[in-house]
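First up is the structure itself, then whatever we jot down about it.
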Amino acid sequence: MDHKHEGTTNKKHEQLEQFRRENTGKPMTDINGNKVANDQKTLRAGKRGPLLMQDFHFYKKQSHFNRERIPEKVVHARGYGVHGEFIATESMKDYTMAKFLEPGTKTPVFVRFSNFQGNRGSKDTAVDIRGFATKFYTEEGNYDMLALQFPVFILADAMKFMDVTHAAKPEPRQHMPQATTAHDNFWDYVTSNPESAHMVMWLMSMRGRPRSWRMMEGYPVNTFRFVNEKGKSTFVRFIWKPKLGVHSITLDEGNIIGGVDPDFHRRDIIEAIESGAYPEYDLCVQLIDEEDEFKFDFDILDDTKLWPQEEVPPKVIGKMVLNRLQDNFFAETEQSAFNPANLVPGIEFTNDPVLQGRSFAYRDTELHRHHSANYEELPINRPISDVNHNLRDSYLKYPIEQDNVHFHNNMQAENTPHETPAPEGYEHYPEKVEGEVTREHPSDSFQDYYSQPRMFWNSLSMPEKQDLIESFSFHVGGVKNKEIRQKTVEMFANVDTEMATMLAQNVGVMPPKTQHVDYEKSYPSLSQLNTPHSAMTSRVAVVIGDGFDEKEVDKMLAALKGVGAVLDIISETLAPVKGNNGMELTPTNSFLTVHPTLYDSVYLVGGKAKMNQLKFDQGAMDFFKMHYMFMKPIAVGAGAAEYAAMSTEANNLDGVVMAENNPEFADQYIEALAMKRFWDRT
């Protein structure tokens, strides 16, 4: 068994084992099992003659290759999946009869992280909506929880799914720009559909640029019901909270990393799982009693509104650990399919207008992608529970159904497969429904477009507000139509007039005439600065040359490893570097093979170059300047003080820890590493 699978066996992995196979070490055959004598040259009529159509091996090989791809997802095309396990920790029996939420129950999961806008080959670090889709392989069947990194959605009614997607995607003539909303169509949509204001605020904030999928919250955004065994209903929203807290990259970092390493997020989670630093998330629920449905100043069915955690406190009910990598990207990630209508007894829909539309949209798009009604029989989508039904045929039917009778009701098979009464069988909650057919919103508060966006703005720290304005200016600055830029400024003046005024200056239009709404609520939970901070899994570049101070370096590396930091030794070449007493360290990268933005921090050791001291010093200085500019912690060893000295006198060196005459050097750097950013740095 491969090292990445040790200690992670569960019922889903046991099921997948029967579908795994290897070709290594075996004779080559074609798809029909014929052993192949020549897989390198085609069959021709003479040495200089044409290809013969009787070369069936070439035909089989090429025709299969021509069909290797399936259509990418319309949205969330760029994704990556990993396996794990969910463990329920808190009894929810008073609220739901879902068995996988009983304390101590372990459930296999498959999680697919994704970007919304870009195509399958775009970059991970785009400013974008991100998917966090979790498939629970429960004993009662598959339960799919489809989340985003924001608690709100961009629309309040499913009728606009197509419109917002068309607006966000590349414009149809040149098919540009890719994986960004910095273009006219998106902002035309936003200003013409003001319910989008709240999610756009989240998108333009740091939340639109996660440092890692391991440091990103997940919100299904929809309102569901819990139903207990007595038939009592409770409204519920879910939240995934990462153990490492919520952290982000800056706008410039995202743009640079997108070119240097477009696979930044997937590489990050692969390295974490391979090293045993398994990503962990708490599953939280926010609960509202049925009788409290109209208690709040927002409609709980409106997906453009969040449930403030200070008003509806989240309750931790379980933990998810992602501990196993996929074996094959296509077979698992690309063929995986998620559907919010995959529910288990105890979890039910509400009349949330977006959720109602999602219940149709997801299955239909997978039917198109796979060209078959049998896509749920693919190994990655298959439940671990028993599957017995009267569904038949369609393209690429895998199981050989042996039953002669495949209808209900019947006599010949004693009316099997039989129905199972509730609570074991799924039965819909008997909600009372009445009224006239209408296209009206469920309540007038759906038209309150700006109160919660202002609440979000009020809750942000000053660095977060400055970052949001910069991101806004970058994206709206890409809009060519001046009238759309002006409309954007006027629209977001409803959120904050001062913010919109600064945006107007940056994008070259008139200051807004609009005044922001009178809504002054704010909540600490909405600011990332209040998230957990730790040095754990921080990626540290150790820039080092020959003659380094062994005592200093040995103590620092031990301290970094002690807090679970990930170290990358970087030098002029990949040849070993030697300390002042013969200690050797082997670089993992050189200045040529990495970029400073790929690291959370740098420990500048300094030293002598093997070939070109000027080039070594320039590489080290690039690391110092880049990390200083992006407000990241910096450790400056005794042999590298010259790099900090080259900094201008105007710099306050906040977050720069110096080794000279500092016995607390390692401890102070660990503290700085946990801080992540030093926003007061000049």
Side-chain angles (χ1 to χ4, degrees), residues 86 88 90 92-102 107 109 131-136 138 140-148 150-153 155-158 217-241 281-296 298-309 311-318 320 338-363 422-423 426-433 442-443:
F86 173 77
E90 188 77 18
M92 295 305 293
K93 197 169 184 178
D94 290 344
Y95 300 98
T96 177
M97 55 185 148
K99 291 182 179 179
F100 81 100
L101 293 180
E102 294 176 358
T107 303
V109 296
F132 186 152
T134 305
K135 186 178 291 293
F136 296 82
T138 87
E140 299 180 282
N142 286 354
Y143 169 56
D144 291 352
M145 182 185 288
L146 292 93
L148 306 175
F150 311 136
V152 292
F153 203 39
L155 45 84
D157 192 287
E217 287 180 323
Y219 297 87
V221 305
N222 298 126
T223 301
F224 291 87
R225 290 182 192 275
F226 273 162
V227 182
N228 68 14
E229 290 181 347
K230 297 178 181 179
K232 182 180 184 299
S233 165
T234 305
F235 294 109
V236 59
R237 283 193 181 183
F238 300 94
I239 310 173
W240 288 113
K241 286 188 173 288
Y281 307 82
D282 285 333
L283 179 61
C284 305
V285 291
Q286 291 177 286
L287 302 169
I288 294 178
D289 291 334
E290 282 239 354
E291 55 267 29
D292 292 335
E293 179 176 359
F294 302 104
K295 175 182 174 181
F296 305 93
F298 54 88
D299 194 315
I300 69 169
L301 300 182
D302 183 354
D303 293 333
T304 68
K305 310 293 193 302
L306 58 84
W307 296 4
Q309 295 180 30
E311 292 190 44
V312 190
K315 177 185 179 71
V316 178
I317 64 170
M320 180 170 69
F338 297 83
N339 182 356
N342 288 344
L343 300 172
V344 292
I347 302 178
E348 171 67 287
F349 284 172
T350 63
N351 295 329
D352 174 334
V354 174
L355 179 57
Q356 293 284 321
R358 291 180 87 192
S359 67
F360 162 77
Y362 285 73
R363 177 170 175 78
Y426 194 95
E427 188 170 79
H428 291 274
Y429 177 71
E431 180 185 10
K432 185 178 180 180
V433 178
S443 70

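In this text the structure is predicted, and so the values were computed from the model without any measurement. Numbers here simply count residues along the sequence, with the first being 1.
Here the CG-OG1 distance, from L355 to T350, works out to 5.5 Å after rounding to the nearest 0.5 Å. The distance from atom CG of L283 to atom NZ of K241, rounded to the nearest 0.5 Å, is 11.5 Å. Rounding to the nearest 0.5 Å places NZ of K93 at 10.0 Å from NZ of K230. Rounding to the nearest 0.5 Å gives a distance of 10.0 Å between CD of Q356 and CG of N222. Note that CD of E431 and CG of N351 are 4.5 Å apart. Values are rounded to the nearest 0.5 Å. Atoms CD and OG1, on E291 and T234 in that order, are 8.0 Å from each other to the nearest 0.5 Å.
M92 approaches F226 most closely through the heavy-atom pair CE-CE1, 3.8 Å. The minimum heavy-atom distance between K305 and D302, with the atom names listed, is NZ-OD2, 2.6 Å. The two residues P353 and L301 make their nearest non-hydrogen contact at CD-O, 3.6 Å. The shortest non-hydrogen separation linking E90 to V316 is CB-O, 3.6 Å. Residue P345 comes nearest to P423 through the heavy atom pair CB-O, 3.5 Å, listed as atom of the first residue, atom of the second, then distance. Counting all heavy atoms, side chain and backbone alike, E348 lies closest to E427 at OE2-O, 4.5 Å.
When side chains are defined from C-beta on, F100 counts as touching I347, because their heavy atoms get closer than 4.5 Å. Counting heavy atoms from C-beta outward, D292 and F235 have side chains that stay 4.5 Å or more apart. For the pair Q286 and Q309, the minimum side-chain heavy-atom distance is below 4.5 Å. V354 places a side-chain heavy atom less than 4.5 Å from the side chain of L155. Considering only heavy atoms from C-beta on, F349 comes within 4.5 Å of F224 through its side chain. You'll find the side chain of E290 stays beyond 4.5 Å of the side chain of K232, heavy atoms only. Annotation: side chain of I288 is not in contact with side chain of E311 (no heavy-atom distance under 4.5 Å). Contact check for P308 versus F296: no side-chain heavy atoms found under the 4.5 Å cut-off.
The closest donor-acceptor contact from the side chain of T96 to the backbone of G346 lies under 3.5 Å. Checking side-chain atoms of D352 against main-chain N and O of T223 turns up a donor-acceptor pair under 3.5 Å. Side chain of N339 to backbone of Y362: no donor-acceptor contact under 3.5 angstrom is found. Checked by atom type and distance alone, the side chain of N228 pairs as donor or acceptor with a backbone atom of D94 at under 3.5 Å.
Among D303, L287, V285, the one residue that satisfies the side-chain contact (heavy atoms from CB on, under 4.5 Å) test with R237 is D303. With F136 as the fixed residue, the ring pair (Phe, Tyr, Trp, His ring centres under 6.0 Å) test singles out one of F238, Y143, F338: Y143.
Shown here is Y429, whose OH atom has more than 12 heavy atoms of other residues, nucleotides or ligands within 6.0 Å.
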Q: Output, in order, the C-alpha distance, side-chain angles, deciding distance and verdict of side chain to side chain contact (heavy atoms under 4.5 Å, CB included) for I239 and Y219.
A: CA-CA 5 Å; I239 310 173; Y219 297 87; 3.6 Å; yes
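Aromatic ring orientation, W240 versus F86: perpendicular (interplanar angle above 60°, classes split at 30° and 60°).
Judged as a ring pair (Phe, Tyr, Trp, His ring centres under 6.0 Å), and not counting sequence neighbours, F150 has no contacts.
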